[in-house]
Protein chains: 2
Amino acid sequence: MNQRQTVAERGGAGRPGKNGDGAERHEEIHRSISDAIIEHRLRPGARLREDALAEVFGISRTGIRKILQRLALEQLVTLTPRRGASVTRPTADEAKDVFDARQMVECGLMPEVARRITEEDLRELRDMARRERQALKSGEQSTAIRLSADFHARLARISGNATLADFVERLCSRSSLILAVYGNPGHLGCESHDHDDLIGHLEAGNGERAQAFMGRHLKAIEASLSIVEEAAEAPDLHRIFSD
Amino acid sequence: MNQRQTVAERGGAGRPGKNGDGAERHEEIHRSISDAIIEHRLRPGARLREDALAEVFGISRTGIRKILQRLALEQLVTLTPRRGASVTRPTADEAKDVFDARQMVECGLMPEVARRITEEDLRELRDMARRERQALKSGEQSTAIRLSADFHARLARISGNATLADFVERLCSRSSLILAVYGNPGHLGCESHDHDDLIGHLEAGNGERAQAFMGRHLKAIEASLSIVEEAAEAPDLHRIFSD
DNA sequence: GGCCGGCGATATGTATACAATGATCGCGCA
DNA sequence: TGCGCGATCATTGTATACATATCGCCGGCC
């Protein structure tokens, strides 16, 4: 296949083969795909063919494979041997696990977050909440979903624990997938004012209240899902036709 | 390079190119390297050259790279662009984050574990604890370290939450690295009788006590570390020679 | 005598070619 | 006419070849 994209990109950089070039390009592509999945522009089950992606982004399959593997480890895509990659379709069990994990970690982090939060953080969080509300109001679901996930991830990072923050970030990404499969259309996960209320508790330095509120918030999201295990691959015919 | 190993392996399988073959082989190699790191047979900082690994395991660099990337995502190896892979040397900050995370998650899991644990689980855990004690006594540090990590991971899995169990498993692997860097020789992380005591609390169905005990257990491990940030790469010459 | 710059070696990053496998579609047969 | 079977095709898995950047060494220069 031709490589017009590659040439254009490299030509623009001035000197071909610059060091950070490749790595940053990969990072960029990873984020592109990741965002598309989180924003539900790629629905669960969508197939991701290596050739197609390679052509779109103007790199060879080698680089695409690397990125797909990373996405697979983040459980955003599923790699079926000899069958290729597709956007992960979370099971009901996984959905429960993810929300239980968020309940434990995000709530547990709130006291520390309340202790460490700065004015700068508060300003940024308020801005994110505002943009999210705005996106919701103007019907930009994709943007709202991503901003919501970003909000939770950003919050966790304030705790100062990078390991737990990374974990929360991945849980939020997966939650977005779960919403895509089990969410009711028109009823987004996070209520528009919830995040603002949470910011209020944190601003007041009330970690306990923030923790409790986060707990209710997550429970509310989980409760809004209609988790009905749609006939899986390999429906149990015996059970279905037993009577 | 020749491929005698590959031929031998494939030939032994009976039919060449069997489906699971490649994937399982990769899994096996991943575990080999992972174990070597966890068991401190590969010390932090050790370089992992692709050619050398490819030759040792009888596959091409392509497969090795895939495995190295996975290990990097699990934060067991560090991939420096253009410099290759090396066993991760955890910083003091990372060590603190990892143990704080374990404190939150492993302790938080105990009540559910106490609720769900079965006789079969108890038997298995006791066996692992026994083998660990035995390894400690006979001076097989490597084995003891791995068994200790396995014990904690196994415990978390009983909770039924695969997501959190995976997380704990990775935290334990990283803890092993941390022990390699900051641990005092001759003083292994987990006291030999701690795990047995923990099993006792779980057998009694006392989740709260198990939770508290796990908390003390982890704190004890963390306290046994001598975390002194050894002069990092790029010593701050200004600060050093300012007086 | 010490430092800077060039040069060769080594190892990684990338692309491509080839091989193998699973899926799809068409054909023949019952 | 429906089903089973076989060939072709599309797609992934693997290895290898080539380009490129970095590291260490050595010689010249200040």
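The model shown is predicted, which means the values in this text are computed figures rather than measured ones. Order of the sequence lines fixes the chain letters, A, B, ..., with proteins taken first and strands second; residue numbering starts at 1 for each chain.
In this structure, R65(A) atom CZ and dT14(C) atom C1' are separated by 14 Å, rounded to whole Å. To the nearest angstrom, P of dT12(C) lies 14 Å from CD of E55(B). Distance I59(A) CD1 to dT16(C) P: 12 Å, rounded to the nearest Å. Rounded to whole angstrom, the span from the CD1 atom of I64(A) across to the C1' atom of dT12(D) amounts to 14 Å. Taking atom NZ of K66(A) as the reference point, atom C1' of dT14(C) lies 9 Å away to the nearest angstrom. The nearest whole Å value for the distance from the CZ atom in F57(A) to the C1' atom in dT14(C) is 18 Å. For R25(A) and dA15(C), the CZ to P distance is 11 Å, given to the nearest whole Å.
Proximity of a side-chain donor or acceptor of R43(A) to a complementary backbone N or O of A180(A) within less than 3.5 Å is detected. R25(A) contributes a side-chain N or O that, together with a main-chain N or O of F57(A), makes up a donor-acceptor pair within less than 3.5 Å. Under the 3.5 Å distance criterion, the side-chain polar atoms of S176(A) are left unmatched by any main-chain donor or acceptor of C172(A). Looking at R116(A), its side chain does come within 3.5 Å of a backbone N or O of S159(A) through a donor-acceptor pair. Panel note: side chain R49(B), backbone G84(B); no donor-acceptor pair is recorded below 3.5 Å. No side-chain donor-acceptor contact under 3.5 Å links D97(B) to the backbone of N161(A). The closest donor-acceptor contact from the side chain of S175(B) to the backbone of L171(B) lies under 3.5 Å. Between the side chain of S86(A) and the backbone N or O of A46(A), no donor-acceptor pair lies under 3.5 Å.
Considering only side-chain N and O atoms, T62(B) lies nowhere under 4.0 angstrom from the phosphate OP1 or OP2 of dT14(D).
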Protein and nucleotides 7-11 of chain C: nitrogen or oxygen contacts under 3.5 angstrom:
residue : atom : partner : partner atom : Å
dA11(C) : OP1  : R49(B)  : NH1          : 2.9

**Prompt:** DNA chain C in dot-bracket, Watson-Crick or G-U pairs under 3.5 Å, [ ] crossing, | other strand?
**Reply:** ||||||||||||||||||||||||||||||
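Contact detail for L147(A) and M128(A): the closest heavy-atom pair is O-CE, 4.4 Å.
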**Request:** Before giving the answer on salt bridge (Lys or Arg N to Asp or Glu O under 4.0 Å), spell out for R154(A) and D121(A) the whole-Å C-alpha distance, their side-chain angles and the decisive distance to 0.1 Å.
**Result:** CA-CA 9 Å; R154(A) 184 80 183 73; D121(A) 291 328; 3.5 Å; yes
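Within residues 69-76 of chain A, no residue has a heavy atom under 4.0 Å from DNA chain C.
Looking at H152(B) and R102(B), their side chains do bring a donor and an acceptor atom within 3.5 Å of each other.
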